[in-house]
Amino acid sequence: MTVTPETRFRTSQLEENDGPPVNPTDNRTMGEIIAARFSRRGFLMGSLAVSAIAATVSPLALIAADEARAAEASAFKFDELEAGIDDKHHVAPGYDADVLLRWGDPLFADSPDFDPLKQSAEAQARQFGYNNDYVGYIPIDGSAEHGLLVVNHEYTNPHLMFPGIVSIVEKDGKKKAEVAPLSKEQVDVEMAAHGGTIVEIRKQDGKWQVVRDGKLNRRIMSTTEMALSGPVAGHDRVKTNADPSGTKVIGTLNNCAGGVTPWGTYVMAEENIHGYFSGELPEGHREAANYKRLGIPEGAYEWGAHYDRFNLAKEPNEPNRFGWIVEVDVNDPNSTPKKRTAMGRFKHEGAESIVAKDGRVVFYLGDDERFDYVYKFVTAGTFNPNDRAANMNLLDDGTLHVAKFAEDGSVEWMPIVFGQGPLTAENGFASQADVLIETRRAADLLGATKMDRPEDIQPNAGNGKVYVMLTNNSKRKAEQVDAANPRAENAFGHIIEIVEDGGDFAATKGKWEVLLKCGDPSVADVGATFSTATTAHGWFGMPDNCAVDSAGRLWVATDGQGPKATGRTDGLWAVDTEGAARATSKLFFRVPIGAEMCGPLFAPDDQTAFVAVQHPGDGGEDWEGFSRPSYYEDPSTRWPDFKPDMPVRPSVVAITKQGGGKIAV
Ligand code: FEO
Ligand code: CA
Ligand code: CA
């Protein structure tokens, strides 16, 4: 695998780049049909068409009655934002959306000011990192107005970061943007821009402020030393030339979503790790099948050209040291982050948790790839709310389970335990460490249900339910449809709701149903199931991140909309889950074009929604008029409509109600 000018345009949809072979026929997919529809006409036309179609296909009176009932029953009280596409972010009327942190913002007293023309790894190590995904809040002294914000920096977009590395070339009579090879210095900036930020924040006079040089402020990077802990630590398959002990890893990669544990640590999910590795494994190497199952090497990054550990020919075991959940003790800025191997190795999306009735702690884990699985990890020990130190190694011992969704609406959580069922020497596993290193293969053997890209999974303490975001799967064929993944060529994704047996989050069985099939409900072929009270602005596609506020209400953030997919940018939608309003959705916030919507997170008093605007302005050549090869290029040589004032730095935004108060109440 070599890095090419094309692969340097990294997207948040790396998941879409591999997996099963593309259908060799010329048949248009559902996604292409929908795309054609949105490219033919503007968003406004689309919204007018919604009411026209709705009026002709359904008895008007019935719809009006349903709408009134749903609107009245809705748990959300705010005036809906209009969907659309432009280069700004927008929030519902009556709310302020203030940028709190941007890529390059200083975190420490000695941090240099952000200067895109003078980037260095040293500067980036003292500044807020790039592409922010997960956002968590850890209160200081129990405060809802003073705490630590923890933010994951998932990946880097060199074409948006580094001036002068993009050129426009003519190919087959068409203009095309190409990214030049990165220098070692630029790779070092990328490595420092990955990872996470821990930063003290405080609300003063109703507005959040960053506490520069807060004593717990910290950057985690792809160069930060970490420990492997749990069953895989010290195993031969994680030993390298640099680390013959198999216990010390340099850095973390592609931290997508994550979580904050009940004991106040920060957990970061390592997702698309395949992109960082290049080179070829030695002939006949034992990890060949393991790596193939994860798409390693994908070669989107050229780190392997500068650092041997990312080159499979030189360090064949290095990829086994990534793809884990990383736990960080935020109370000690010098603590060594721990890769908790008991929680399995795959393309971890997130790690939201909840304390079960008996005190064990349950983590819900998605593996974001088409046809991959939904997992949960249940600790062996129990949470001690009175002794933080007693909880600090809970994640080293427990049982990982994978979900099998049955047609009858039941779900079984199958334990992934060496020696049980097919997880034996006969299938190449010699220990639990082997099982965990190859979690996907173990789950394959157990017959887990192949899902439509499991993203964030959120338990709801208020009603005992669990919401699973399934973002899309354009490769699911009609003959591969099942009850839990009910649409072929699932372009817009869906949300599943699980209720664990006996209301016990640690249960090994539960019931499930589809809460929502996403997409435009006015297009019959899409088969979306938003309530009729959902307006033309209220529907969405591609659910990715989600949050439950302290009132138990569901909020869904999306990744992958835009002019061609849905005629609207990504954003944050409030989704009713209960009573007559169930499956009614309302738009609250939307991002500038090219961005995906991450976070979201509510402060403990529900008076702030923190959202993360990731890769604003991205989109390569597809979105001419908005996009640009690099923000800091001379606009006169680039796209005609280049907008130098576009809010293109990835940022965390704090949304508050004007005049104060809880959000959407
Ligand atoms: Fe990083 Fe699955 O989104
Ligand atoms: Ca995600
Ligand atoms: Ca995403």
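Atoms within each ligand, like the ligands themselves, are counted from 1 in listed order. Keep in mind that what you see is a predicted model, and the values were worked out from it rather than measured. Values below: every heavy atom of this structure, side chains too, minus hydrogens, waters and symmetry copies.
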- request: State the atom name: nearest N, O or S atom of E349 to the Ca ion (ligand 2).
  value: OE2

query: Would K586 and D576 satisfy salt bridge (charged side-chain N to carboxylate O under 4.0 Å, His left out), going step by step from the backbone distance to the final call?
result: CA-CA 9 Å; K586 269 170 87 172; D576 274 297; over 6 Å; no

message: Looking at K465, I'd like to know if its NZ atom is crowded, meaning that more than 12 non-hydrogen atoms belonging to other residues, nucleotides or ligands lie closer than 6.0 Å.
response: yes

message: Using a distance threshold of 2.8 Å, state whether an N, O or S atom of D544 lies below it from atom 2 (Fe) of ligand 1.
response: no

task: For atom 2 (Fe) of ligand 1, find the closest N/O/S atom on E349 and give its atom name.
output: OE1

task: Measure from the ring center of Y130 to the ring center of H194 and say whether it is less than 6.0 Å.
output: no

query: Of all N, O or S atoms in E455, which has the smallest distance to atom 2 (Fe) of ligand 1?
result: OE1

message: Is D368 close enough to atom 2 (Fe) of ligand 1 that one of its N, O or S atoms comes in under 2.8 Å?
response: yes

Residue of the set R453, R440, K475 for which salt bridge (charged side-chain N to carboxylate O under 4.0 Å, His left out) holds with E369: R440

field: the Ca ion (ligand 2) to E455: nearest N/O/S atom name
entry: OE1

- prompt: Does K404 count as lying over the ring of Y373, i.e. NZ or CZ under 6.0 Å from the six-ring centre, within 45 degrees of the axis?
  reply: no

Whether D133 has an N, O or S atom under 3.0 Å from the Ca ion (ligand 2): no

query: Is the Ca ion (ligand 2) under 3.0 Å from any N, O or S atom of D559?
result: no

Vertex atom 1 (Fe) of ligand 1, rays to OE1 in E271 and OE2 in E154 - rounded to 10°: 80°

